[in-house]
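Since the structure comes first, as structure tokens, the remarks are kept for the end.
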Amino acid sequence: MQIRRLARVLTATAAVVLVSLGLIGASWYTGTITGHPASAVATPSTPMVGVPTGATVDGIEVQRLPSITVTARRSDVGTTR
């Protein structure tokens, strides 16, 4: 009987701790603890490098970004780690 009670108490305590940590993490992510909005945290510190194409989509200017090179082994394609 004592072991079951101890297991229930430990499970409840772990649940409270996990929920608390989740709420603290969520409030930090949205910026409510520091008082700063989340958008201020998510803004990039360096501007994006792009060449304007002159086209617009939904009122937003379209820019062409520089190309990138991706290198992979055929044996790695389709595998998950």
Side-chain angles (χ1 to χ4, degrees):
M1 250 356 217
Q2 291 291 341
I3 293 175
R4 287 185 183 186
R5 182 173 179 230
L6 179 63
R8 263 188 273 158
V9 168
L10 288 177
T11 302
T13 303
V16 168
V17 167
L18 288 174
V19 168
S20 299
L21 289 174
L23 291 173
I24 290 170
S27 64
W28 173 79
Y29 182 74
T30 58
T32 55
I33 286 180
T34 59
H36 300 294
S39 60
V41 176
T43 55
S45 59
T46 58
M48 294 279 295
V49 176
V51 179
T53 62
T56 59
V57 175
D58 294 330
I60 299 173
E61 181 182 13
V62 177
Q63 293 188 352
R64 183 178 309 276
L65 298 176
S67 62
I68 60 169
T69 304
V70 177
T71 306
R73 295 186 304 242
R74 287 182 179 250
S75 61
D76 290 342
V77 175
T79 60
T80 57
R81 295 181 184 220

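All heavy atoms count here, side chains included; hydrogens, waters and symmetry mates do not.
- Among the candidates Val16, Thr11, Val9, the single residue satisfying the side-chain contact (heavy atoms from CB on, under 4.5 Å) test with Thr13 is Val9.
- Every side chain to side chain contact (heavy atoms under 4.5 Å, CB included) that Thr53 has, sequence neighbours left out, goes to Ala55, Val62, Arg64.
- Residues Leu21 and Val17 are in side-chain contact: their nearest non-hydrogen atoms beyond the backbone lie under 4.5 Å apart.
- Pairing each heavy atom of Pro52 with each of Glu61, the nearest pair is CB-OE2, 2.9 Å.
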